[in-house]
Amino acid sequence: MDAFYASVELLRYPELKGQAVVVGGRRDHTPRDLPDGTRRYARLRDYTGRGVVTTSSYAARDLGVFSAMGLMKAALRAPDAILLPADFEAYRRHSRLFKAAVAEVAPVIEDRGIDEIYIDLSEVPGIREPVGHDPLGGIRSVAREIKNSVLKATGLTCSIGITPNKLLSKIASELDKPDGITILMPEDIETRVWPMSVRKINGIGPKAGAKLLALGIETIGQLAAASPAFLLEHFGKSYGAWLHEASHGRDNRPVVTHSEPVSISRETTFEHDLHAVHDRAELGAVFTRLCEQLAGDLQRKGYVGRTVGLKLRFEGFVTVTRDLTLDAPIDGAAELRHAAGLCLKRVDLTKRIRLLGVRIGNLSHRSDVPAATTSRKTARSDGKAAAENLPLF
DNA sequence: TCTGGGGTCCTAGGACCC
DNA sequence: TCTGGGGTCCTAGGACCC
């Protein structure tokens, strides 16, 4: 989907079309309706805090404002940009709508988050039929059908890359954004993919990109020209071999239509860093609330888990995690709070805390686990009681 | 002006078992 | 008498993605 969150907001606030719009921040920047029928929007320049850009409109991107950028930094680049709060409820709703619309045309879909999917088009009727003198006509018309279906269902545009595999499709989908269709065949790799930065490959991030650059490799073509032995030497057996394959556009991963979650988590970054001793009451309350939210998530989704994880991020952005695997799976707030509290005892709490998070893994479906082997205390003995028994927070 | 929240996967060492 | 080979599980950290 094209600039998904920002585009969903434009459906609500159509007068913002074409303007620099940024979605992000945790405070309430909801536009105010004025008596004269106009709206008053928050501007990026008025923002203070630790929020980041979740999505920026294309006009905002032209000003150098991108996802994951701190809002304060974004405000320096685009002080007049309009700031909207994220409304995940609305995005999830539009996500379900667009996925259902695609499924009408091509039902073999792999979920890749709220605004992306892979679609296996192999079995879509007519996909291999030429249209007139165009051998790719069938492909083009399926792509147009998908886009029309999505537009009709949501009012939103998307960009599609059609290629022999997921790796190339991900790259291709970004070549003609927004509202694009890009078809890429193996014979196009040399001319269209090799000139691109290695960073365009899904799986080469900031670290690997910088390391490759330091080795004199900037483009995918240069990566393809590197010897496998060289890549193995610098990146290890697994990643090195993958780099080589990826540079040649080779990828045989299937489109996976169903998957089970591995872990579920809740975390929060504080507006100001907190100290374990000085801000104990506040930390304890947040800790308990995170456990309650996580327990709610587990129970709503019907999972229980055996491995409880604690995450702390300190001033200076140093992150520490502690895990504890229990004998029996749990899904209750009090049990989570207790297990995470045991993890907390293993952390040095001298430095002030920026982020606190609780995670649960080793998941099973609650319905698959005999009741006697799970433990969840009932409502009365929940988080608060557990919190009082712990020396920290 | 320091950098959200929710995830997945990989690596590597140690415990433990046969 | 100076120590095999394989396997699984647990833990911690880190890269990467949406």
Side-chain angles (χ1 to χ4, degrees), chain A residues 1 3-5 22-27 44-45 47-55 65-79 85-86 88 91-92 95 110-118 166-167 170 173-174 198-212 235-243 246 253 256 259-273 290 293-294 297 301 306-327 339 342-343 346-347 354-363:
Chain A
M1 299 301 288
F4 185 53
Y5 298 176
V22 168
V23 178
R26 257 187 317 180
R27 280 212 316 282
L44 212 40
R45 64 151 46 89
Y47 179 85
T48 51
R50 291 179 153 174
V52 300
V53 175
T54 305
T55 312
V65 172
F66 300 99
S67 295
M69 181 181 285
L71 285 172
M72 300 289 272
K73 178 175 176 177
L76 294 179
R77 299 190 176 193
F88 289 96
Y91 312 146
R92 271 193 290 269
S95 179
E110 175 175 336
D111 232 294
R112 292 304 300 185
I114 199 159
D115 72 335
E116 275 192 14
I117 52 175
Y118 288 111
K166 297 203 288 191
L167 177 89
K170 173 74 176 163
S173 70
E174 287 166 25
V198 293
R199 289 296 312 279
K200 297 291 177 188
I201 293 176
N202 195 255
I204 299 182
K207 297 285 179 180
K211 190 168 167 184
L212 283 165
F235 294 92
K237 206 168 154 183
S238 167
Y239 196 67
W242 175 80
L243 282 174
R253 294 170 300 164
V256 176
S259 67
E260 284 289 328
V262 172
S263 67
I264 303 175
S265 68
R266 286 281 186 150
E267 65 183 51
T268 190
T269 296
F270 304 114
E271 212 48 68
H272 303 284
D273 298 343
L290 288 169
Q293 289 173 333
L294 186 55
D297 296 340
K301 297 175 180 176
R306 258 181 73 225
T307 303
V308 176
L310 176 75
K311 175 172 165 181
L312 291 169
R313 177 170 290 150
F314 296 100
E315 52 187 329
F317 222 67
V318 177
T319 307
V320 154
T321 64
R322 292 291 179 269
D323 271 13
L324 176 63
T325 299
L326 307 167
D327 291 335
L342 293 175
C343 291
R346 315 202 311 254
V347 184
R354 178 191 180 91
L355 170 151
L356 180 63
V358 183
R359 185 174 47 86
I360 186 153
N362 243 315
L363 301 177

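Convention: sequence-line order gives letters A, B, ...; per-chain numbering from 1. Side chains included, hydrogens not; waters and symmetry mates left out as well; all remaining heavy atoms used.
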Participant: Does B/dG4 have OP1 or OP2 sitting under 4.0 Å from an N or O in the side chain of A/Arg26?
Facilitator: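 The answer is no; no side-chain N or O of A/Arg26 sits under 4.0 Å from OP1 or OP2.
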Participant: From NZ of A/Lys73 over to P of B/dC2, roughly how many Å is that when rounded to an integer?
Facilitator: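 Spelled out: NZ on A/Lys73 to P on B/dC2 is 12 Å.
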Participant: May I ask you to say what A/Gly49 touches in the nucleic acid, namely base, sugar-phosphate or nothing, with a heavy-atom cut-off under 4.0 Å?
Facilitator: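 Sugar-phosphate, backbone atoms only, no base.
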Participant: Does a side-chain N or O from A/Arg346 land closer than 4.0 Å to OP1 or OP2 of C/dA12, or not?
Facilitator: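 It does, given that an N or O in the side chain of A/Arg346 lies less than 4.0 Å from OP1 or OP2 of C/dA12.
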Participant: Measuring from the side chain of A/Ser238 (C-beta onward, heavy atoms only), which nucleotide among B/dG5, C/dC16, B/dT11 has the closest atom?
Facilitator: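 Within the option list, the nearest is B/dT11.
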Participant: Whole angstroms only, please: what is the CD1-P distance between A/Ile117 and C/dC17?
Facilitator: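 These atoms are roughly 20 Å apart.
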Participant: In whole Å, what is the span from the CG atom of A/Leu355 to the C1' atom of C/dG13?
Facilitator: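 These atoms are roughly 15 Å apart.
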Participant: If the C1' atom of C/dG4 is compared with that of B/dC16, how far apart are they to the nearest Å?
Facilitator: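 That atom pair is separated by 16 Å.
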Participant: Looking at the side chain of A/Val320, which of C/dA12, B/dT11, C/dG13 is the nearest nucleotide?
Facilitator: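 Between C/dA12, B/dT11, C/dG13, the one nearest the side chain of A/Val320 would be C/dG13.
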Participant: Which nucleotide in the set C/dC10, B/dT8, B/dG6 lies at the smallest distance from any side-chain heavy atom of A/Val262?
Facilitator: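 The answer is B/dT8, which lies nearest to the side chain.
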Participant: Considering just the side-chain nitrogens and oxygens of A/Lys170, establish if one lies under 4.0 Å of OP1 or OP2 belonging to C/dC18.
Facilitator: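 Yes, because at least one side-chain N or O of A/Lys170 sits under 4.0 Å from OP1 or OP2 of C/dC18.
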Participant: Which whole-number value in Å describes the distance from A/Leu326 CG to C/dC10 P?
Facilitator: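 For the pair A/Leu326 CG and C/dC10 P, the rounded distance is 10 Å.
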Participant: Can you tell me if the side-chain N/O atoms of A/Thr269 get under 4.0 Å from OP1 or OP2 in B/dG5?
Facilitator: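 Yes, within the criterion.
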Participant: Please state how far atom CD1 in A/Ile264 lies from atom P in B/dT8, giving the value in whole angstrom units.
Facilitator: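 It is 9 Å, rounded to the nearest whole Å.
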Participant: If I take atom CG in residue A/Asp115 and atom C1' in nucleotide C/dC17, what distance separates them, rounded to the nearest angstrom?
Facilitator: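 After rounding, the gap between these two atoms is 11 Å.
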Participant: May I ask you to say what A/Ala208 touches in the nucleic acid, namely base, sugar-phosphate or nothing, with a heavy-atom cut-off under 4.0 Å?
Facilitator: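 Since only primed, P, OP1 and OP2 atoms lie under 4.0 Å of A/Ala208, the category is sugar-phosphate.
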Participant: So what does A/Val52 hit on the nucleic acid, given a heavy-atom distance under 4.0 Å: a base, only sugar-phosphate, or nothing?
Facilitator: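 Contact class for A/Val52: base.
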Participant: B/dC2 phosphate, OP1 or OP2: any side-chain N/O from A/Arg354 under 4.0 angstrom?
Facilitator: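 False: A/Arg354 side-chain N/O out of range (4.0 Å or more) of B/dC2 OP1/OP2.
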Participant: Do you know the tightest heavy-atom contact between A/Phe235 and A/Lys211?
Facilitator: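 Closest heavy-atom pair between A/Phe235 and A/Lys211: CE2-CD, 3.6 Å.
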Participant: What's the closest nucleotide to the A/Asn202 side chain, out of C/dC18, B/dT1, B/dG5?
Facilitator: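 Ranking C/dC18, B/dT1, B/dG5 by closest atom to the A/Asn202 side chain puts C/dC18 first.
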Participant: Is any side-chain N of the basic residue among A/Lys166 and A/Glu110 closer than 4.0 Å to the acidic one's carboxylate O?
Facilitator: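 Yes.
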Participant: Heavy atoms under 4.0 Å, any strand shown: does A/Ile204 hit a base, just sugar-phosphate, or nothing?
Facilitator: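 Contact class for A/Ile204: sugar-phosphate only.
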Participant: In a check of side-chain contact (heavy atoms from CB on, under 4.5 Å) between A/Arg266 and each of A/Leu356, A/Asp297, A/Val358, which one passes?
Facilitator: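 For A/Arg266, the side-chain contact (heavy atoms from CB on, under 4.5 Å) check succeeds only for A/Asp297.
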Participant: On a heavy-atom basis, which atom in A/Val308 and which in A/Cys343 lie closest, and how many Å separate them?
Facilitator: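 Shortest heavy-atom separation between A/Val308 and A/Cys343 comes out as O-SG, 3.9 Å.
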Participant: Suppose we screen for salt bridge (Lys or Arg N to Asp or Glu O under 4.0 Å). Which residues come up paired with A/Arg77, at least two apart in sequence or across chains?
Facilitator: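 Per chain and number, A/Arg77 pairs via salt bridge (Lys or Arg N to Asp or Glu O under 4.0 Å) with no residue.
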Participant: Within this structure, what is the CE-to-C1' distance between A/Met72 and B/dG4, rounded to whole angstrom?
Facilitator: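 Roughly 15 Å, once rounded to whole Å.
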Participant: Counting side-chain heavy atoms from CB outward, which of C/dC10, C/dT11, B/dG7 is closest to A/Leu324?
Facilitator: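 Nearest to the side-chain atoms of A/Leu324, counting from C-beta on, is C/dT11.
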Participant: So, OP1 or OP2 of C/dA12: does either fall under 4.0 Å of a side-chain N or O from A/Arg322?
Facilitator: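 A/Arg322 to C/dA12 OP1/OP2: side-chain N or O found under 4.0 Å.
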Participant: For A/Gly70, which contact category applies under a 4.0 Å heavy-atom criterion: base, sugar-phosphate, or nothing?
Facilitator: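 The residue A/Gly70 makes no contact with any strand.
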Participant: Under 3.5 Å for both distances, Watson-Crick or G-U wobble, that's the pair rule; now give the dot-bracket for DNA chain B, with | marking pairs to another strand and [ ] for crossing ones.
Facilitator: ....||||||||||||||
Participant: Among the nucleotides B/dG5, C/dT11, B/dG7, which one has an atom lying closest to any side-chain atom of A/Ser263?
Facilitator: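 Among B/dG5, C/dT11, B/dG7, the one nearest the side chain of A/Ser263 is B/dG7.
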Participant: If you assign each of A/Arg306 and A/Thr321 to its closest nucleotide in DNA chain C, which residue comes earlier from the 5' end?
Facilitator: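 It is A/Arg306 whose nearest nucleotide is closer to the 5' end.
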Participant: State, with a plain yes or no, whether a side-chain heavy atom of A/Val23 is found less than 4.5 Å away from one of A/Phe4.
Facilitator: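 No, every pair of side-chain atoms sits at 4.5 Å or beyond.
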Participant: Mind checking whether A/Val22 and A/Met69 have side chains closer than 4.5 Å, heavy atoms only?
Facilitator: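 Of all side-chain heavy-atom pairs linking A/Met69 with A/Val22, none is under 4.5 Å.
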Participant: Starting at the 5' end of DNA chain B and moving along, which residue's nearest nucleotide shows up first, A/Glu260 or A/Val53?
Facilitator: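 The answer here is A/Val53.
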Participant: Specify the residue among A/Gly316 and A/Arg266 whose closest nucleotide of DNA chain B lies further upstream toward the 5′ end.
Facilitator: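 Its nearest nucleotide lies further toward 5', so the answer is A/Gly316.
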Participant: With a centroid cutoff of 5.5 Å and a plane-angle limit of 30°, would you call A/Tyr239 stacked on B/dC10?
Facilitator: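 Per 5.5 Å and 30° rule: no stacking.
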Participant: Could you tell me the separation between the CG atom of A/Leu342 and the C1' atom of C/dC10, rounded to a whole number of Å?
Facilitator: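 From A/Leu342 CG to C/dC10 C1': 16 Å.
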Participant: Within the structure shown, what part of the strands sits under 4.0 Å from A/Ile201 by heavy-atom distance: base, sugar-phosphate, or nothing?
Facilitator: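 Result for A/Ile201 = sugar-phosphate.
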Participant: Are A/Arg313 and A/Thr319 side-chain neighbours, meaning at least one heavy-atom pair lies under 4.5 Å?
Facilitator: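 Yes - at least one pair of side-chain heavy atoms lies under 4.5 Å apart.
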Participant: Side chains of A/Leu290 and A/Glu267: closer than 4.5 Å at any heavy-atom pair?
Facilitator: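 They are not in side-chain contact.
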Participant: Would you call the rings of A/Tyr91 and A/Tyr5 parallel, tilted or perpendicular if under 30° counts as parallel and over 60° as perpendicular?
Facilitator: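 Taking A/Tyr5 first and then A/Tyr91, their aromatic rings lie parallel (interplane angle under 30°).
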Participant: Let's see if you can work this out: which of C/dA12, B/dG7, C/dT11 has an atom nearest to the side-chain heavy atoms of A/Lys301?
Facilitator: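 Ranking C/dA12, B/dG7, C/dT11 by closest atom to the A/Lys301 side chain puts B/dG7 first.
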